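One structure is given below, encoded as structure tokens.
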Amino acid sequence: MTAPVAELIGQYDPSLPLAEASTPPSAWYLDPRIGELERRAVFARHWQCAGRLDQLREPGDYVTCGIAGEPVLVVRGDDGVLRGFFNVCRHHAAAVMTQPQGCAKHLRCPYHGWTYALDGTLKGTPGFGDECPLDRAANGLVPVDIAQWERWVFVRIERTGPTLEEFLGDSAIAGVRALGLDRLHWFARRRYLLDCNWKVFVDNFLDGGYHVPHLHKGLNSVLDFARYTVETGRHHCLQSAPMAKGDDVRFTSVRGGERAAYYWFHPNFMVNWYEGMMDTHLVLPLGPARTEVVFDFWFEDVSEAARERNEASIAVGDIVQDEDAAICGSVQRGLGSRAYDTGRLSARREAGEHLFHRLLHADLSRGPFPRR
Ligand code: FES
Ligand SMILES: [Fe+2]
């Protein structure tokens, strides 16, 4: 018999200290009902990265994406203001903008041609006829909350809760500011499809480097693993390690500097920073055992002369990502085994995972927002 969802949530005890804590029950990683609840109670509740500000420089620049299963559009207006909307036409619900990004004078729906201004107001309804009056003012695109931070724009589907700054907190904001991200330029995007629940990928990221010496021999060779640190805030985790002089030339040639800093922000956004570069991860659930991770690679030097080195840096990222993808698939298969339900956390390493699981528990316990 299938347990009610509330019972599955209740099987996790968020009050246990890290030294006594275990992972959530495997049903959280397998049951489609948990995935549906997460969509409405986690992804609709929290600020979600919708795009990069370099994609939205000029009036008319826009990006589209899916957030918590909803089509979303962010566009810069003629007045220079960034706005976010559900990318859902008020006529019969088609996506108004169909490209992932671009620049447009108006927002014209491809279905019957309804046209919206860049500020979302309905301007034109060609061929609709004037037999029945249509209140254009009441038929603009429906807005979503929007916020900018560092190099990104964030959107929140449910228009309640803390501002993005309040959510991130002073220490995360100051810590990321100190990395000097404004020196970096976006270079490339890669998408990876993984055969695991989205939380398996996040758990793997947050295990305090525990898996690095075992799974990532190349990466481990350039990190001083003995001095790997884990700090948790209210809604984020920072893992950091000094760089070491390694012997794997593929890694030593493209990963340098003093330290590496790996930030995670609840629930699904990560920033991996090395001197002169960073890559970000946006983790998107596609199903109980299917996840897309969008990687954006940024470098300080994106000149033609640096292209080969930057490509080599991405190739090194690919090595690490392939290693993680394989182990995440393995974990997902194990979670489906009758031999496993939960596993203990290392108090020395896995404080980040503990934070993630407790925040998830809080979100799931608060329940979904009702459909509008
Ligand atoms: S659905 Fe957009 S114009 Fe008809
Ligand atoms: Fe890894």
Side-chain angles (χ1 to χ4, degrees), residues 64 70-71 73 85-99 104 106-117 120-129 132 134-136 138-142 190 192 194-223 225 228 230 237-241 246 248 250-251 255 260-264 268 270-274 278-281 283 291 293 295 314-332 346 349-350 352-353 356:
T64 62
E70 308 245 17
L73 161 71
F85 302 101
F86 290 96
N87 186 18
V88 178
C89 183
R90 295 299 300 277
H91 179 225
H92 287 338
V96 177
M97 304 309 280
T98 55
Q99 298 301 311
H106 316 280
L107 309 172
R108 191 186 310 277
C109 178
Y111 198 177
H112 311 94
W114 282 29
T115 301
Y116 304 85
T121 51
L122 180 60
K123 289 293 184 196
T125 55
F128 187 74
C132 46
L134 175 70
D135 181 358
R136 289 194 180 177
N139 280 279
L141 293 176
V142 177
R190 298 279 191 277
Y192 298 92
L194 307 180
D195 291 322
C196 67
N197 187 272
W198 71 279
K199 299 186 292 296
V200 170
F201 184 85
V202 177
D203 286 346
N204 176 64
F205 186 89
L206 288 174
D207 78 357
Y210 196 3
H211 71 281
V212 171
H214 304 282
L215 196 68
H216 303 309
K217 302 273 192 254
L219 175 62
N220 189 52
S221 72
V222 292
L223 291 179
F225 185 69
Y228 197 107
V230 180
C237 176
L238 166 62
Q239 304 171 78
S240 181
D248 186 332
R250 294 171 306 172
F251 283 80
R255 295 284 187 277
Y262 307 129
Y263 274 97
W264 163 80
N268 64 333
M270 293 96 154
V271 174
N272 299 299
W273 178 89
Y274 299 89
M278 73 169 166
D279 60 84
T280 59
H281 304 168
V283 187
T291 295
V293 187
F295 279 51
I314 293 174
V316 153
D318 273 336
I319 295 172
V320 176
Q321 177 58 13
D322 287 347
E323 291 163 345
D324 280 327
I327 206 70
C328 286
S330 168
V331 167
Q332 187 69 30
S346 160
R349 294 281 171 199
E350 296 179 290
E353 274 182 80
F356 174 45

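Counting starts at 1 for both ligands and their atoms, in listed order. Since the model is a prediction, treat every value here as computed from it, not as a measurement.
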_Within 6.0 angstrom of Arg136 CZ, more than 12 heavy atoms from elsewhere_ = yes
*Is atom OH of Tyr210 surrounded by more than 12 heavy atoms (other residues, nucleotides or ligands) closer than 6.0 Å?*
no
*Number of protein N/O/S atoms less than 2.8 Å from the Fe ion (ligand 2)?*
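Count of protein N, O, S atoms less than 2.8 Å from the Fe ion (ligand 2): 4.
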*asked:* Under the criterion side chain to side chain contact (heavy atoms under 4.5 Å, CB included), I'd like the reasoning laid out for His91 against Tyr111: C-alpha separation, chi angles, the key distance, then a yes or no.
replied: CA-CA 9 Å; His91 179 225; Tyr111 198 177; 5.7 Å; no
*asked:* One pair to check against side chain to side chain contact (heavy atoms under 4.5 Å, CB included): Val88 and Val142. What are the steps and the verdict?
replied: CA-CA 8 Å; Val88 178; Val142 177; over 6 Å; no
_Between CG on residue Leu206 and CE on residue Met270, distance to nearest 0.5 Å_ =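 One gets 6.0 Å once the value is rounded to the nearest 0.5 Å.
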*Atom CZ of Phe205 and atom NE2 of His211: how far apart are they, to the nearest 0.5 Å?*
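So the CZ of Phe205 and the NE2 of His211 are separated by 9.5 Å.
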*What's the shortest heavy-atom distance between Ala104 and Met97, and which atoms?*
CB-CE, 3.8 Å
*Given Leu223 and Arg255, is the side chain to side chain contact (heavy atoms under 4.5 Å, CB included) satisfied, shown in steps?*
CA-CA 9 Å; Leu223 291 179; Arg255 295 284 187 277; over 6 Å; no
_Less than 3.5 Å apart, any donor N or O on the side chain of Tyr192 or Asp318 sitting next to an acceptor on the other?_
yes
_Given a threshold of 2.8 Å, state how many protein N/O/S atoms are nearer than that to atom 4 (Fe) of ligand 1._
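Step by step: take atom 4 (Fe) of ligand 1, keep protein N, O, S below 2.8 Å, and you get 2.
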